[in-house]
Asker: 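Quick one: structure below, then a few questions.
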Amino acid sequence: MSALPVFAQTGAPANAAPATSAQRPADNPLFVESTLDLQYPHFDRIQDAHFAPAFDAGMAENLREIEAIASNSEAPTFDNTIIALERSGELLSRARVIFGSLNGTDTNDTRRKIDAEYAPKFAAHRDAIMLNPQLFARIDTLYKNVGDLGLDAEGQRLVERYHTMFVRAGANLTEAQKQEMRRINAESAKLGTTFSQNVLNEVNDSAVVVDTLEELDGLTDAQIAAAAAEAKTRGVEGKYVITLLNTTGQPVLPQVNNRALRERIHTASVNRGSRGNQYDNTQVIADILKLRAERANLMGYPNQATFILEDSTAGTVEAVNGMLGQLAPAAVANAKLEAAELQAMIDREQAAKGEPTFQLEPWDWAYYSEKVRQDKYSFDDAQIKPYFEMKNVLENGVFFAATQFYGITFKERTDLPKYHPDTWTYDVFNEDGSQLAIFIFDPYARASKRGGAWMNSYVSQSELDGTLTVTANHQNIPKPQAGQPTLLTWDEVTTMFHEFGHSLHGMFSDVKYPFFSGTSVPRDFVEFPSQVNEMWADWPTILANYAKHYQTGAAMPSELIERVQAAAKFNQGFATTEYLGAAMLDQYLHQLPADQLPSGAEVMATEAAALQAAGLDYAPVPPRYRTPYFSHINGGYAAGYYAYIWSEVLDANTVQWIEQNGGLTRANGDRLRSTLLSQGGSKDAKQLFVDFTGAEPQIEPLLIKRGLAPDPTDASN
Ligand SMILES: [Zn+2]
């Protein structure tokens with residue numbers, strides 16, 4: 001049974017022997033297990049027309065399997081029920097995992113149509129399984145006798161997790177309630193697809209058209225050429241088009257000297273999804289929230305957040321509110337100190353120009369914070385970017401760190417088919433030379449790709465299936481003009497380390513059952529291993545290995561490195577505040593009872609009220625995502641966006657442990673791999689943390705890392 005595809009999660013495809021049924025068209029590669037290494041998908045043979053037949057046949061086959069398990073005349077056993085479920089749905093999982101990834105990374109009209117058509121069908125299919133009373137009765141019997149089944153700890157946990165999954169999907173409801181659940185799930189699925197399609201359409205539709213070259217003052221020649229090329233593509237040749245990313249902040253803002261253009265870019269960004277056009281998402285999200293609250297009520301919970309958090313490591317709404325509430329005042333206070341510095345810079349500059357000063361606005365923040373950063377730490381992005389050529393960062397930074405810490409090695413291969421030309425494929429080997437995984441790197445932004453950065457797995461490791469991992473990382477790095485190098489910002493560098501941390505979690509998986517493979521862990525735990533991997537980005541020996549000038553090969557000057565490291569805590573008040581704004585907003589919307597939810601027309605006012613209630617209504621720092629383009633709360637992170645900071649507590653403790661125990665050593669890498677990364681979801685998540693660090697998590701290391709508390713090891717403080 002595969003999990004639904006979400007941001008960092010992988011489906012867990014169960015696969016049996018290749019089928020030979022006559023109804024499987026020989027020309028559809030989705031119908032059979034790929035014969036390529038590690039079942040790497042046959043991207044060269046897969047066509048969009050193959051998906052619908054594979055989905056239809058996959059669902060029909062899966063229902064036959066379920067029927068056979070549910071109506072088995074033998075008494076339920078671990079093998080004839082749980083293992084049989086683990087092996088079921090092979091064709092459907094394979095087709096969905098491949099489609100889900102291709103639709104996210106390179107969508108088109110056909111794929112969008114398939115997505116819209118099948119989202120409600122998949123929801124109904126899942127309900128047909130989860131709400132099957134005969135099937136649940138067998139799982140329930142096993143669950144009640146789990147101690148007598150002669151299972152090891154992983155097997156016992158599998159029975160318990162299946163039971164929880166069915167109960168939380170509504171298996172204990174009355175038939176009338178189940179009918180209501182089916183309706184809610186079908187409508188939610190439909191609306192979820194509409195929401196994400198609107199988000200992508202709005203990103204593309206809100207790109208800013210600039211008439212004159214003068215307005216682009218501050219951009220590099222390469223950026224201007226890209227903006228001119230984009231204008232040509234969009235049929236406005238002679239003008240310039242600045243494309244947007246899906247965050248509130250836009251990466252070009254630090255460079256734009258023209259204040260009016262900064263305001264236009266920012267305004268275009270924050271208005272996405274609430275402009276009253278055909279892609280407006282306010283009514284869509286209002287309807288989604290209502291359905292979620294109804295589902296929570298049906299399940300006996302006061303609201304969606306309470307329902308979701310019960311099955312997280314945080315456990316309760318109170319725990320999450322307490323944690324976020326503890327951070328908010330300190331973060332905003334920090335942001336206000338930063339704002340004072342920015343305002344002083346504005347006042348100074350305006351006075352020098354003999355012009356009246358103005359008040360800091362949200363579209364000024366990135367621009368002036370870049371200036372203050374240059375002033376304080378004497379470097380700017382343009383100075384450091386030449387040292388961060390993309391493929392060099394990947395191979396001599398990200399891969400090198402994994403080799404140093406875990407002993408694994410990498411070799412690029414070019415014989416495997418690609419779904420898009422801008423992707424790179426690598427074999428990954430264990431220290432003894434045996435194959436560990438295959439890794440796909442897909443870095444560039446494109447109009448057909450959804451926003452953000454994420455990891456997915458095409459194939460997930462399990463002993464039961466005899467599979468290893470095929471995993472991919474995706475980013476939204478602007479693609480330079482042909483012949484130009486891809487030079488990264490520090491943020492893009494650390495994101496690359498982050499996403500690869502997710503992939504390591506997938507690759508190192510060493511579990512028996514597909515259900516527990518790799519990143520199949522609670523949402524508020526899954527970001528933890530990826531955040532830990534970020535620690536190597538500026539680790540001195542790692543940085544020295546990859547921070548080299550793309551033209552001269554010269555090492556990054558050590559004083560520049562020191563300045564980059566010193567600047568790491570710079571602007572953390574802003575970063576924490578914009579994150580907390582979004583995290584609080586997510587909680588607020590999902591903690592409202594059904595009768596207090598906003599209508600479509602009230603969504604934006606409710607957003608303002610939520611930020612005010614949390615003390616995060618600080619105008620110069622809007623939330624990282626506003627409600628109509630907050631993709632996380634539409635996808636797997638509903639009532640779960642807090643997971644990043646929750647995971648960061650574990651991350652900060654773990655980084656501290658590694659630093660205090662020898663740092664970048666093979667012994668530490670082996671310890672992290674064996675106690676934690678290899679375990680997937682096969683043990684309680686918090687226990688995995690304790691197994692590695694030997695202690696309960698503390699909040700102080702996070703406060704220090706975020707600059708919200710003084711660093712006791714820092715002599716200057
Ligand atoms: Zn992540």
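Whatever order the structure lists ligands and atoms in, that order sets their numbers, starting from 1.
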Asker: Using a cut-off of strictly less than 2.8 Å, determine whether E499 has an N/O/S atom near the Zn ion (ligand 1).
Answerer: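 Short answer: no, not a single N, O or S atom is under the cut-off.
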Asker: Is it the case that R272 and S269 place a side-chain donor and acceptor less than 3.5 Å from each other?
Answerer: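 Short answer, yes.
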Asker: Quick one: report the N, O or S atom of E527 that is nearest to the Zn ion (ligand 1).
Answerer: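 So the atom name we want here is OE1.
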Asker: Which residue pairs satisfy the salt bridge (Lys or Arg N to Asp or Glu O under 4.0 Å) criterion with at least one member in residues 627-651, sequence neighbours excluded?
Answerer: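 Output for this query lists E648-K705, E648-R706, D651-K705.
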Asker: Are the ring centres of Y546 and Y387 closer than 6.0 Å?
Answerer: no
Asker: Give me each pair satisfying salt bridge (Lys or Arg N to Asp or Glu O under 4.0 Å) with a member in residues 689-701, each pair once, sequence neighbours excluded.
Answerer: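 Qualifying pairs, neighbours excluded: K686-E696.
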Asker: With rounding to 10 degrees, what does the angle H502:NE2 / the Zn ion (ligand 1) / H498:NE2 come to?
Answerer: 100°
